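The residues of the chain are indexed from 1 along the displayed sequence. This one's a predicted model, so the numbers in the text were calculated from it and none came from an experiment.
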Amino acid sequence: MRLCFVVEEQYRNDGMPVEVIRRLTSWGHQVDVLRPAGSLFCLTEALRCAAHDAWVLKTVSGGPGLTLLEAAAVGGVTTVNDVRSIRGVRDKVLAAAIGRAHGLPLPPTYAAARPELLAEIPESMYPIVVKPADGSSGRAVHLVTSRGRLTETAAELAGEGMLIAQPYVPNSGVDIKVYGVGGELYATERRSPLHPDHAVPERLVRLPDEVAALAARAGAAYGLDLFGVDVVLGPDGPVIVDVNDFPSFRQVPDAAARVARAVLELAARGSRAAETAEPARVRVPEQRETSQAAVSPSGSSVPPAPQAAPAASPSRSGSDQVLTAVGRTV
């Protein structure tokens, strides 16, 4: 297969997607890398040639990569994840609406174009969590304990654009991060970004049945094939506080191989339509807990490497030249 990975500078040396790309090329597949912030992209030629089996996005939420992926999808290219699903989780206002429409347990959500407008939130809703609607990786997430403290936070959030605010869900200070890949679910336990002083080493943990069922519902609701779901265990049960596409998959055993295999399968059949009502068929592999970050369970099996189909010699089309100028990947 021939694949195009859209990778922004923040992830240039990140294990996701660098190790995935290496695994794919070691299996005989051709991978081109498009760096949207550092290259001129000839959209007309790329759409005319349709040289790739699929495009894969690994970018920050507010970056230009998603627009290019959407353009490729308009031209009929398969995208991983489905491009409509990516848009649905990268805009946290839209993500909250989708989650609510599907009956997922999310906190009540307020949206405001300017931070000073958040002062209209009733005092009874405090403490609240405020973050940019296009935020990622814990950027600019604030726990505001009272309306009186909102002024300080408003100054820090100036220029962030659309914001969302949600009542804080009381919890132990530990988040459960559930990863979905290749129809399987894995869970890690980690410190909440709202509790920086809470010493919790990130580790793989057994996934409770209730949380597994919730993560599977979330993947289906948002139409995602590769995803992460952040869950906190509140007084009334598990609550979803964030959903993202193509996460880090930290602690997932043999993550690069599993993600690479999933990319190939999705490219072969096309990503699942974002509006599907069928719940994702997922399973929770037998797991054991780890006590240290970046330690995978020993003895975990790696899915057999898919064999690449014999590739014809590619023509040097305009689309090829653009991607080669960006830099052929590892």
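For the pair Arg147 (side chain) and Ala119 (backbone), a donor-acceptor distance under 3.5 Å is present. Side-chain atoms of Thr25 come within 3.5 Å of backbone atoms of Arg22 as a donor-acceptor pair (strictly under, hydrogens ignored). Counting only distance, with no hydrogens or angles, the side chain of Arg84 and the backbone of Glu70 share no donor-acceptor pair below 3.5 Å. Panel note: side chain Thr79, backbone Trp55; no donor-acceptor pair is recorded below 3.5 Å. A donor-acceptor pair is defined here as one N or O able to donate and one able to accept, closer than 3.5 Å; such a pair exists between the side chain of His29 and the backbone of Met1. Side-chain N or O atoms of Thr109 include one that pairs as donor or acceptor with a backbone N or O of Pro107 at under 3.5 Å. A donor-acceptor distance shorter than 3.5 angstrom exists from the side chain of Glu8 to the backbone of Gly65, with no hydrogens or angles considered. With Lys58 contributing its side chain and Phe246 its backbone, the two residues share a donor-acceptor pair below 3.5 Å. Side chain of Arg217 to backbone of Gly103: a donor-acceptor contact under 3.5 angstrom is found.
Contact annotation: the side chain of Leu117 never approaches that of Tyr110 to less than 4.5 Å [non-hydrogen atoms, C-beta and beyond]. Side-chain contact between Asp134 and Met162: absent, with no pair of heavy atoms (C-beta onward) separated by less than 4.5 Å. Within the 4.5 Å cutoff, the side chain of Leu143 has heavy atoms near those of the Pro127 side chain. A 4.5 Å side-chain heavy-atom check between Tyr11 and Pro17 finds at least one atom pair inside the cut-off. The shortest side-chain heavy-atom distance between Thr59 and Arg90 falls under the 4.5 Å cut-off. For the pair Leu266 and Asp82, the minimum side-chain heavy-atom distance is 4.5 Å or more. Under the 4.5 Å side-chain criterion, counting only non-hydrogen atoms from C-beta, Val7 is not in contact with Val18. Annotation: side chain of Asp53 is not in contact with side chain of Thr78 (no heavy-atom distance under 4.5 Å).
Hydrophobic clustering (side-chain heavy atoms under 4.5 Å, transitive across Ile, Leu, Val, Met, Phe, Trp, Tyr) groups Trp27 together with Val259. Residues Val178 and Leu104 fall within the same hydrophobic cluster, defined by Ile, Leu, Val, Met, Phe, Trp and Tyr side chains chained together at heavy-atom separations under 4.5 Å. Both Met125 and Leu163 belong to a common hydrophobic cluster when Ile, Leu, Val, Met, Phe, Trp and Tyr are linked at side-chain heavy-atom distances under 4.5 angstrom. Taken together through direct or relayed side-chain contacts under 4.5 Å among Ile, Leu, Val, Met, Phe, Trp and Tyr, Met16 and Val80 form part of one hydrophobic cluster. Grouping the Ile, Leu, Val, Met, Phe, Trp and Tyr side chains by contacts below 4.5 angstrom, directly or via other members, places Ile164 apart from Tyr222.
Listed here is the closest heavy atom pair of Val174 and Asn171: N-OD1, 3.7 Å. Considering every non-hydrogen atom in both His52 and Asp32, the closest pair reads NE2-OD2, 2.9 Å. Summarising the geometry of Pro238 relative to Pro105, their closest heavy-atom pair is O-CG, 3.6 Å, with the distance given to 0.1 Å. Summarising the geometry of His102 relative to Ala221, their closest heavy-atom pair is CG-CB, 3.6 Å, with the distance given to 0.1 Å. Nearest heavy-atom pair across Pro170 and Pro235 is O-CD, 3.4 Å. Between Arg87 and Leu94 the shortest heavy-atom distance is O-CD2, 3.9 Å.
Heavy atoms from other residues, nucleotides or ligands lying under 6.0 Å from CD of Glu120 number 12 at most. For Arg114, the CZ atom counts as loosely surrounded, since its 6.0 Å shell holds 12 or fewer non-hydrogen atoms of other residues, nucleotides or ligands. Within 6.0 Å of CZ in Arg149 there are 12 or fewer heavy atoms belonging to other residues, nucleotides or ligands.
To the nearest 0.5 angstrom, Ser85 atom OG is 9.0 Å from Asp245 atom CG. Taken from CG in Asp230 to CG in Asn244, the straight-line distance is 6.0 Å, to the nearest 0.5 Å. Put simply, CD on Glu189 and CG on Asp175 are 9.5 Å apart, with the number rounded to the nearest 0.5 Å. Annotation: the span from Lys131 atom NZ to Leu194 atom CG amounts to 8.0 Å, rounded to 0.5 Å. Atom CD of Glu156 sits about 4.5 Å away from atom NE2 of His142, to the nearest 0.5 Å. The distance from the CG atom of Leu69 to the CD1 atom of Ile86 is 5.0 Å, given to the nearest 0.5 Å.
Tyr186 pairs in a side chain to side chain donor-acceptor pair (under 3.5 Å) with only one of the listed residues (Arg258, Lys177, Gln251), which is Arg258. When each of Leu185, Val181, Asn81 is checked for a side chain to side chain contact (heavy atoms under 4.5 Å, CB included) with Phe227, only Leu185 meets the rule.
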_Set out, in order, the CA-CA distance, both residues' side-chain angles and the distance that settles side-chain contact (heavy atoms from CB on, under 4.5 Å) for Ile121 and Leu150, then state yes or no._
CA-CA 11 Å; Ile121 295 176; Leu150 191 58; over 6 Å; no

*asked:* If you apply the rule side-chain contact (heavy atoms from CB on, under 4.5 Å), what do you find for Arg35 with Arg12, and how did you get there?
replied: CA-CA 9 Å; Arg35 304 195 187 281; Arg12 187 185 190 103; 3.2 Å; yes

*Assess whether salt bridge (Lys or Arg N to Asp or Glu O under 4.0 Å) is satisfied between Arg23 and Glu19, documenting all intermediate values.*
CA-CA 6 Å; Arg23 188 60 62 99; Glu19 292 303 320; over 6 Å; no

*Take Val89 and Ile98 through the test side-chain contact (heavy atoms from CB on, under 4.5 Å) and record every step on the way to the result.*
CA-CA 9 Å; Val89 294; Ile98 293 172; over 6 Å; no

*In sequence, state the C-alpha distance, the side-chain angles, and the governing distance for Ser39 and Leu34, and then conclude on side-chain contact (heavy atoms from CB on, under 4.5 Å).*
CA-CA 8 Å; Ser39 60; Leu34 174 62; 3.5 Å; yes

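A side-chain donor from one of Ser248 and Tyr179 sits under 3.5 Å from a side-chain acceptor of the other.
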